[in-house]
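Chain letters run A, B, ... following the sequence lines, proteins first and then strands; every chain starts at 1. Everything numeric here is computed off the predicted structure, so don't read it as measured data.
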Amino acid sequence: MTVSLSNPLVMMVAKRTALGFLLLIAISVVIFAGTEMLPGDVAQSILGQSATPEALANLRAEMGLNEPAHTRYFNWFGGMLQGDLGTSLSSGSDISEMIASRLSNTLFLAGWSALVAVPLAIFLGMIAVHYRDGFIDKFISMTTLAAISLPEFFIGYLLIMFFAVTWNLFPSTSIIYEGMPFLDQMTAIALPCATLTLVVLAHMMRMTRAAILNVMSSPYVETAELKGLSPFKIIFHHAFPNAISPIITVVVLNMAYLVVGVVVVEIIFVYPGMGQLLVDHVTKRDVPVVQAAGLIFAAIYIFLNMFADIMAIIANPRLRHPK
Amino acid sequence: MSHSTQVTRDLNRTENTKAAPPLLDVRNLRIGANISFPGEKNHHIVIVDKISFQLQKGHVLGLIGESGAGKSTIGLSAMAYGRGGCEITGGEVFLNGEDILSFNHKSIRQIRGVKVAYVAQSAAAAFNPAHRLGDQVIESALEHGLMSRTEATAFADQLFDKLGLPEPDKFGQRYPHQVSGGQLQRAMTAMALCSKPDLIVFDEPTTALDVTTQIDVLAAIKHAIRETHTAALYITHDLAVVAQISDEIMVLKNGKTVEYGTTEQIINSPQEQYTQSLVTVRSTQKPVTESPDKTPLLRVENISASYDGVNQILSDISLQLHAGQTLSIVGESGSGKSTMARVVTGLLPQQQGKVLFNGTPLPAELKRRDKEQLRRLQMIYQMADVAMNPRQTIDQIIGRPLEFYFGLRGAEKRRKVIELLELIELGEKYIDRYPAELSGGQKQRICIARALAAKPDLIICDEVTSALDPLVAEEILKLLLRLQEQYQVAYLFITHDIATVRAISDTIAVMYQGELVRFGERSQVLSPPYDDYTDLLLSSVPEMELDWLDKVLSSRRMQSAGH
């Protein structure tokens, strides 16, 4: 297949991608400016209150803090683009290394949660459509709503109480490390994964239900009915593909939440992920780490939303197959 | 079809009746719906009552009536399907001797798409936009295990060929948005035929098409069902159309049978008064008038227009219209007739040319026209219900131009609104109602009153009767003609309906693909010698004659574009 710029689909995908990068640059400016405006002096906080003015001046010169802000911004962002995230102030270790393992842990947990939650939400949404306004529909709505209404720490502790303490099925802390056998890893993340699933389920399920119901009154659904198709085939094959754009958007928003919003869950289950890292280093006022983590979160968020936009475009047959 | 085959077929029918039970036997059908208005108790209304008919294998029964006559509802009962809130509350529907109304969900699914298939009015909406046409066409045959995928695809390609679709072996690869409306309608017929059903319900399959396309689709449907010996219920509001295709016709009104007989009898010797009025629906005819020699009210000079600057929609159009006269612009969809209206009203500034009003040029852009220029040129639209704010009362809707152009307020304004309501034969009692409480014809009357309130010199009527039933449309045309006589207002009448054009025009412009093909006085445009397109257009209008379709297909000079 040849790809040319005259194809509207290629054009739109290229535009979204370019827009995503622009947005990322804008956010990097905001993050840099934000930490720049914070009170205090990095050199002072490293050397402590008793440092001599000479020592402070030397350190500043060494760290390049005397350069004008825009030079420092370009050095920092340029380094970021090349994968050099700088050095931590508190530990002096390389931030890239520090973040790499944490990020992969976070993505691991988020990935498995998404793998459970997304198909489950869509399946429940379709079941709700099939039994719309009946008992099963209301039951699904009520339970998922109840789950979303409880704060996530509460759900986490409830799960720990029953599954870890009372029945002793899963560990209450989810410590994973490199080289851990896969099955042990799965057991370890079972409870945080369940907590996250319960938190994101309702939103996706309700959007799936609403989006499919919206197209259920379309003439082409009537056509399918008059072909004598089975109810589930009508929902899955004829309604769902036309309702997919809003569903993708909500699914991706929730996946973004799984990556960047799991601080509380990571802390409850003592899970070594990005959220914990971020919280730790905010308390330590370790600005380079916070900046790097912030930028990575922003990049993931932008990437996922871009992905949603592009998927929604691709899902449209009018764009995929122009006249 | 020749006379002799007609006789043979009649003989066959008599034999069939003796030998086998009818394919479809509907007895005393009664269909109702639960209606609820906000703030009111649910109440049950009867939509269809005491309908009985029989349909033999391979025969075609036409169901005809105005909207609301219950014809689609009856057609869908052959599939035991109630659309929206409709429910079959009484009677029996026997298909091949079995009462399908007593079937459970699972058994009824073995009937739908297998024994009985459905062809909808708007194929564009009835095809799933997310799947290829070919997959949708063979879906019921596969789902019900009637054929293997290879067999079904091969059969679908045959059907595409039989229905005259372009590149039949590749057609199934396309998506619905990639083909035209007429092609979709044929594809829908192929979809219905693909599982080789005994009966197809055609629900106004050609109503949404241009008249030049309708004739081809009609011929394709007729050819296909004759060749496959499929029986059909053909639902339409156009008696002339149904006369070409059915063996028998049932005339319906308000859910009841008015008359039921052979096509020959209904067309040539209708018994009931209502049927007679349908057969001779066009009675209005504007008397011939002389074109005055003074400056025309509207003069369009060498107009060219385009939406994107690349594709020319109108090229070099020149027209004129005198005060108090009617100029009809006819053409099929895509011919540029509505774009013409947009240029005249200033919604789409032209690229080249001038629009002169009473001899003075109008600014091309709407924004640069003054209030007086706006007032003298009003517009009425095809869809009356979307042209009015549903949250405003009739008083507010008609009162708005009175307030805006003449500064009328309070009691004076209300008196004027009542005056206008009486003018359009509705009267004072409608003044505080909302548009949703009115029928289609009444809504269009309100739109006429709103246009008249500005005391315009010219009203642009864009397909104003297309969405209405023939008898209602007739009343609207009569009203427009009476108002013209009374107020000397000129009409620029945009339509695709030749019968309307014949009835009301002084001058006619025929447009085809953005160009003016023919322009002149009515008598001159509508009499030979014709150019090829006008010949096609005029000959495509269904006539109330039994073998019109066959005659036309053998005698026309130009093929339609196949949209």
Requested in this report: Taking atom CZ of R149(B) as the centre, report whether more than 12 heavy atoms of other residues, nucleotides or ligands fall under 6.0 Å from it.
Outcome: no

Requested in this report: State, to 0.1 Å, how close R109(B) and P231(A) come at their nearest heavy-atom pair, and which atoms those are.
Outcome: NH1-CD, 3.6 Å

Requested in this report: State whether the number of non-hydrogen atoms from other residues, nucleotides or ligands found under 6.0 Å of F21(A) atom CZ is greater than 12.
Outcome: no

Report task. Apply side-chain contact (heavy atoms from CB on, under 4.5 Å) to T223(A) and N128(B), showing your working. Result -> CA-CA 9 Å; T223(A) 305; N128(B) 193 322; over 6 Å; no

Query raised in the report: For atom CE of M142(A), is the number of surrounding heavy atoms from other residues, nucleotides or ligands below 6.0 Å larger than 12?
Result: no

Query raised in the report: Under a 4.5 Å cut-off applied to non-hydrogen side-chain atoms, are K227(A) and E143(B) in contact?
Result: no

Report summary line: Closest heavy-atom pair, P129(B) versus P317(A), reported as atoms and distance to 0.1 Å, is O-CG, 3.0 Å

Requested in this report: Pick whichever of H105(B), Q178(B), H177(B), M79(B) has the most heavy-atom pairs under 4.5 Å with chain A.
Outcome: H177(B)

Query raised in the report: In Å and rounded to the nearest 0.5 Å, what is the NE2 to NE2 distance from H237(A) to H131(B)?
Result: 3.5 Å

Report task. Could you check which of S140(B), A125(B), G113(B) has the highest count of heavy-atom pairs closer than 4.5 Å to chain A? Result -> A125(B)

Requested in this report: May I have all residue pairs that pass side-chain hydrogen bond (donor to acceptor under 3.5 Å, both in side chains) and include part of residues 248-258 of chain A, sequence neighbours excluded?
Outcome: E152(A)-Y257(A), H203(A)-N254(A)

Requested in this report: Could you look at A126(B) and say if it's the side chain, the backbone, both or neither that has a heavy atom under 4.5 Å from chain A?
Outcome: both

Query - Neighbour count >12 (heavy atoms, 6.0 Å) for atom CD, E151(B) - result: yes

Requested in this report: Pick one of side chain, backbone, both or neither for S230(A), based on which atoms fall under 4.5 Å of a heavy atom in chain B.
Outcome: both

Query raised in the report: Relative to chain A, which segment of I108(B) carries a heavy atom at a distance below 4.5 Å: side chain, backbone, both, or neither?
Result: neither

Report task. Side chain from CB out, backbone as N, CA, C, O: work out which of these in H144(B) comes under 4.5 Å of a heavy atom of chain A, or both, or neither. Result -> side chain

Requested in this report: Can you tell me which residue pairs pass the salt bridge (Lys or Arg N to Asp or Glu O under 4.0 Å) test with a partner in residues 113-127 of chain A, sequence neighbours excluded?
Outcome: none

Report task. For F108(A), look at atom CZ and say whether over 12 heavy atoms of other residues, nucleotides or ligands are found less than 6.0 Å away. Result -> yes

Report summary line: Against chain A, residues from residues 188-198 of chain B with at least one heavy atom under 4.5 Å, in numeric order, are M188(B), M191(B)

Query raised in the report: What distance do Q136(B) atom CD and H238(A) atom NE2 have between them, rounded to the nearest 0.5 Å?
Result: 6.5 Å

Report summary line: Cut-off 4.5 Å, heavy atoms of chain A, and the answer for F127(B) is backbone

Report summary line: If one checks every heavy atom of A120(B) against chain A at 4.5 Å, the contacting part turns out to be neither

Query - Greater than 12 external heavy atoms within 6.0 Å of K233(A)'s NZ - result: yes

Query raised in the report: Between CG of L229(A) and CG of L142(B), what distance do you get to the nearest 0.5 Å?
Result: 10.5 Å

Requested in this report: Might you confirm whether atom CZ of F103(B) has over 12 heavy atoms from other residues, nucleotides or ligands at distances under 6.0 Å?
Outcome: yes

Requested in this report: Might you confirm whether atom CZ of F232(A) has over 12 heavy atoms from other residues, nucleotides or ligands at distances under 6.0 Å?
Outcome: yes

Requested in this report: Quick one: list whatever passes ring pair (Phe, Tyr, Trp, His ring centres under 6.0 Å) with Y175(B), sequence neighbours left out.
Outcome: H321(A)

